[in-house]
Protein chains: 2
Amino acid sequence: MKSIDTLLSRLRQRGLRITPQRRVILEFLVNEESHPTAEQVYQRVSSLMPDISRTTVYNTLRELSDLGELAPVQDLSQDGRRYDTSTEPHHHLYCVACHTIIDIHRDFEGMSLSPEEASGYQILSHQATFYGICPDCQSPASVATQAGWTVDPDALNSET
Amino acid sequence: MKSIDTLLSRLRQRGLRITPQRRVILEFLVNEESHPTAEQVYQRVSSLMPDISRTTVYNTLRELSDLGELAPVQDLSQDGRRYDTSTEPHHHLYCVACHTIIDIHRDFEGMSLSPEEASGYQILSHQATFYGICPDCQSPASVATQAGWTVDPDALNSET
DNA sequence: AACCATTCTGTAATCATTATAAATTAGGTA
DNA sequence: TACCTAATTTATAATGATTACAGAATGGTT
Ligand SMILES: [Mn+2]
Ligand SMILES: [Mn+2]
Ligand SMILES: [Zn+2]
Ligand SMILES: [Zn+2]
């Protein structure tokens, strides 16, 4: 993560106020590499600022994510756990717009870790996910629909 | 997924009863490749069996997963969303026992899809996760603790 | 047909997260 | 410095997915 000073000035840039709560959350996050949950951030931060609200932690993490200073660990279970009828190891191609998942049933050469990279882990399996936009979601109408607009079909080819 | 008959006999093997509810859920799943959520399975199945309980669908999906006939799509957010202080694309090494996540900051050659494999998707990014057991979790004491046992230190070296 | 362990069902509980609205405050202005 | 006000924090309620529970129903066996 960036340095505290960089982060603080970035918040100012965007017109966000520097509050003690935001400051203590950022100070915790700056040197954190454990991919904590909101609850874990709350626990740590509330030992320094006992009266901070859990809601503020949740909200701040969401704001930082919106600003791109933080990222939720990618997962495909946005709207609840999804079940896979294919139980052999395989990979996925995922549409970020409509959440369609397609299976990729082949191995990728070179997708393995060196002993140093594995850092003592006993590797059991690995899994790749490709993020993209499916053909259906690439059409202007789909883009509009995803954004919550109503589409006027007559307007589609009227740019000339 | 396996054929209905294979699945049914497998349930019998394990001493599970073949009920109309389980049958209709399996019949839906056999030809399903969309990675549905429990709610989606419920919606489809309840159009054929309107009085089926949502709970039964949830329970059956969990049972089938326990039996290995079905698999939840892998994700690292088992105990809530986790935040990543590194926002550049990178990969992960994940301990399936203690849920520790380590970053892998390098690219893997050959980790890309052919045009046919991409099936019209506009690929935006990709991400790999390596599943394993971290050094801490490989010790007998850790294995026991994870399983919920209490460890007697004197018992550890007494196999001779 | 009778039995009973298994399964199903409806409801309540739980857990993570978000919405809401009232109270507080950061940061600029006079 | 005192004041102003939009931004922020907070507590609480609401939501949504999932699980626990306990009683009713049932399939598979005798
Ligand atoms: Mn799959
Ligand atoms: Mn990471
Ligand atoms: Zn799509
Ligand atoms: Zn571990």
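Order of the sequence lines fixes the chain letters, A, B, ..., with proteins taken first and strands second; residue numbering starts at 1 for each chain. Note that the structure is predicted; figures quoted are calculated from it, not measured.
- Below 30°, between 30° and 60°, or above 60°: for H91(B) and H126(B) the angle between ring planes is below 30°, a parallel geometry.
- For the pair R23(B) CZ and dG27(D) P, the interatomic distance rounds to 11 Å; values are reported in whole Å.
- Residues of residues 48-60 of chain A having a heavy atom closer than 4.0 Å to DNA chain C, listed by number: T55(A), Y58(A).
- Atom CD of E33(A) has 12 or fewer neighbouring heavy atoms from other residues, nucleotides or ligands inside a 6.0 Å radius.
- Exactly one residue among D103(A), T100(A), T85(A), L76(A) makes a side-chain contact (heavy atoms from CB on, under 4.5 Å) with H35(B). That residue is D103(A).
- We find that CD of Q13(B) is positioned 18 Å from C1' of dG28(D), with the value rounded to whole Å.
- Summarising the geometry, the separation between CG on L8(B) and C1' on dG27(D) is reported as 14 Å, rounded to the nearest angstrom.
- Nearest-nucleotide assignment on DNA chain C puts the 5′-proximal partner with E63(B), out of E63(B) and R81(B).
- Across dT7(C), dT9(D), dA26(C), the shortest atom-to-atom separation from the side chain of R17(A) is found for dA26(C).
- Taking 4.0 angstrom as the limit, R12(A) places none of its side-chain polar atoms (N or O) nearer than this to OP1 or OP2 of dA26(C).
- Annotation: Q43(B), atom CD; neighbour count of heavy atoms from other residues, nucleotides and ligands within 6.0 Å is above 12.
- Looking at C95(A) and C137(A), their side chains come closer than 4.5 Å, going by heavy atoms from C-beta outward.
- The distance from atom CD1 of I18(B) to atom C1' of dT29(D) is 15 Å, rounded to the nearest whole Å.
- Following rounding to the nearest Å, Y83(A) (OH) and dT18(D) (P) show an atom-to-atom distance of 7 Å.
- The existence of a salt bridge linking E69(B) and R14(B) is confirmed by a sub-4.0 Å separation between a basic side-chain nitrogen and an acidic carboxylate oxygen.
- One interatomic measurement links the two molecules: CG of L67(B) to P of dT7(C), which rounds to 10 Å at whole-angstrom precision.
- Interface residues of residues 36-47 of chain A facing DNA chain C, ordered by number: none; criterion, heavy-atom separation under 4.0 Å.
- In E109(B), the CD atom is not crowded: 12 or fewer heavy atoms of neighbouring residues, nucleotides or ligands sit closer than 6.0 Å.
- If you measure from atom CG of L11(A) to atom C1' of dA26(C), you get 13 Å, rounded to the nearest angstrom.
- Contact annotation: the side chain of L26(A) approaches that of L11(A) to within less than 4.5 Å [non-hydrogen atoms, C-beta and beyond].
- Here dT9(C) presents its C1' atom at 9 Å from CD of Q21(B), a figure rounded to the nearest Å.
- At dT17(C), none of the side-chain N or O atoms of R62(A) fall inside 4.0 Å of OP1 or OP2 (strictly under the cut-off).
- Counting any heavy atom pair closer than 4.0 Å across all strands shown, P20(A) reaches sugar-phosphate atoms only and no base atom.
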Problem - Full working for side chain to side chain contact (heavy atoms under 4.5 Å, CB included) between Y121(B) and L113(B) - result: CA-CA 10 Å; Y121(B) 277 59; L113(B) 298 176; over 6 Å; no
